[in-house]
Novice: 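Please read through the structure below; I'll follow up with questions.
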Amino acid sequence: QIHLVESGGGLVQAGGSLRLSCAASGSRFSVNTMGWYRQAPGKQRELVALITSSGRTNYADSVKGRFTITRDNAKTTVSVQMNSLRPADTATYYCFYRTPLNYDYWGQGTQVTVSS
């Protein structure tokens with residue numbers, strides 16, 4: 001079992017910044033892909049950013065240049081720095097951990113609200 005604990009999120013004005021973090025633990029944990037999805041009301045869940053075990057990153061086009069995903073030295077915590085936030089970024093953000101067999105574990109979600 002893998003446990004994901006998210007922190008960060010909240011309410012911010014447009015143009016502001018927030019940082020989300022996700023700490024992974026569990027007896028089956030091994031360094032693998034982690035990242036964030038988000039889901040806005042009435043919309044499908046979409047990938048925001050991910051980082052692989054080798055440090056390769058991938059971003060949604062809508063956040064490129066504004067969001068940066070990083071991993072700590074122990075590679076158990078991933079964070080996403082979100083700058084120049086827009087009202088369209090308002091969503092519930094979910095951390096995920098992908099096992100080597102491509103099974104995804106999910107965090108409980110954290111709300112990000114960007115006011116105009």
Novice: Search all heavy atoms of F29 against all heavy atoms of T76 and return the closest pair with its distance.
Specialist: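 The answer is CE2-CG2, 3.7 Å.
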
Novice: Filter on ring-ring contact (aromatic ring centres under 6.0 Å, His included), then keep only pairs touching residues 2-26, sequence neighbours left out; what's left?
Specialist: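 Found none.
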
Novice: Heavy atoms only: give me the nearest V78-W36 pair and the separation to one decimal.
Specialist: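 Closest pair (atom of V78, atom of W36, distance): CG2-NE1, 4.1 Å.
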
Novice: Using links of under 4.5 Å between side-chain heavy atoms of ILVMFWY residues, direct or through other members, which residues join F96 in one cluster?
Specialist: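 Direct or chained contacts put F96 with Y37, L47, L50, Y94, W106.
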
Novice: Under the salt bridge (Lys or Arg N to Asp or Glu O under 4.0 Å) test, which residues partner K75, sequence neighbours left out?
Specialist: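 K75: no salt bridge (Lys or Arg N to Asp or Glu O under 4.0 Å) contacts found.
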
Novice: Please output the side-chain donor-acceptor pairs of residues 107-116 that fall under 3.5 Å, not counting sequence neighbours, one pair per line with the distance.
Specialist:
{"unit_1": "T110", "atom_1": "OG1", "unit_2": "G8", "atom_2": "O", "d": "3.0"}
{"unit_1": "Q111", "atom_1": "OE1", "unit_2": "T92", "atom_2": "OG1", "d": "2.9"}
{"unit_1": "Q111", "atom_1": "NE2", "unit_2": "A91", "atom_2": "O", "d": "3.4"}
{"unit_1": "Q111", "atom_1": "NE2", "unit_2": "T113", "atom_2": "OG1", "d": "3.3"}

Novice: Does T52 have any side chain to side chain donor-acceptor pair (under 3.5 Å) partners at least two apart in sequence or in another chain, and if so, which?
Specialist: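 So T52 forms a side chain to side chain donor-acceptor pair (under 3.5 Å) with S54.
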
Novice: Ignoring hydrogens and angles, write down the donor-acceptor pairs under 3.5 Å from the side chains of residues 16-25, residues two or more places apart or on other chains.
Specialist:
{"unit_1": "S17", "atom_1": "OG", "unit_2": "N83", "atom_2": "OD1", "d": "2.9"}
{"unit_1": "R19", "atom_1": "NH1", "unit_2": "Q81", "atom_2": "OE1", "d": "3.3"}
{"unit_1": "S21", "atom_1": "OG", "unit_2": "S79", "atom_2": "OG", "d": "2.8"}

Novice: Which residue pairs pass the salt bridge (charged side-chain N to carboxylate O under 4.0 Å, His left out) test when at least one of the two sits in residues 102-113, sequence neighbours left out?
Specialist: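 Pairs touching residues 102-113 that pass the test: R98-D104.
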
Novice: V5: which other cluster members, linking ILVMFWY side chains closer than 4.5 Å, directly or transitively?
Specialist: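 Same cluster as V5: nobody, lone residue.
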
Novice: So which pairs with a foot in residues 30-94 pass disulfide bond (SG atoms under 2.5 Å apart), sequence neighbours left out?
Specialist: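 Disulfide bond (SG atoms under 2.5 Å apart) check on residues 30-94 returns no pairs.
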
Novice: Looking at side-chain heavy atoms only, is the closest gap between L4 and M34 below 4.5 Å?
Specialist: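 Yes, their side chains come closer than 4.5 Å.
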
Novice: Go through R71 and V31 one step at a time and tell me if the side chain to side chain contact (heavy atoms under 4.5 Å, CB included) criterion holds.
Specialist: CA-CA 11 Å; R71 202 161 192 160; V31 179; 3.9 Å; yes

Novice: Mind checking what makes ring-ring contact (aromatic ring centres under 6.0 Å, His included) contact with Y93, not counting sequence neighbours?
Specialist: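 None.
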
Novice: Quick one: side chains of residues 60-69, donor-acceptor pairs under 3.5 Å with protein atoms, not counting sequence neighbours, listed by atom name and distance.
Specialist:
{"unit_1": "D61", "atom_1": "OD1", "unit_2": "K64", "atom_2": "NZ", "d": "3.1"}
{"unit_1": "S62", "atom_1": "OG", "unit_2": "R38", "atom_2": "NH2", "d": "3.3"}
{"unit_1": "R66", "atom_1": "NE", "unit_2": "S62", "atom_2": "O", "d": "3.4"}
{"unit_1": "R66", "atom_1": "NH1", "unit_2": "S84", "atom_2": "O", "d": "2.9"}
{"unit_1": "R66", "atom_1": "NH1", "unit_2": "D89", "atom_2": "OD2", "d": "2.8"}
{"unit_1": "R66", "atom_1": "NH2", "unit_2": "S62", "atom_2": "O", "d": "2.8"}
{"unit_1": "R66", "atom_1": "NH2", "unit_2": "D89", "atom_2": "OD1", "d": "3.0"}
{"unit_1": "R66", "atom_1": "NH2", "unit_2": "D89", "atom_2": "OD2", "d": "3.4"}

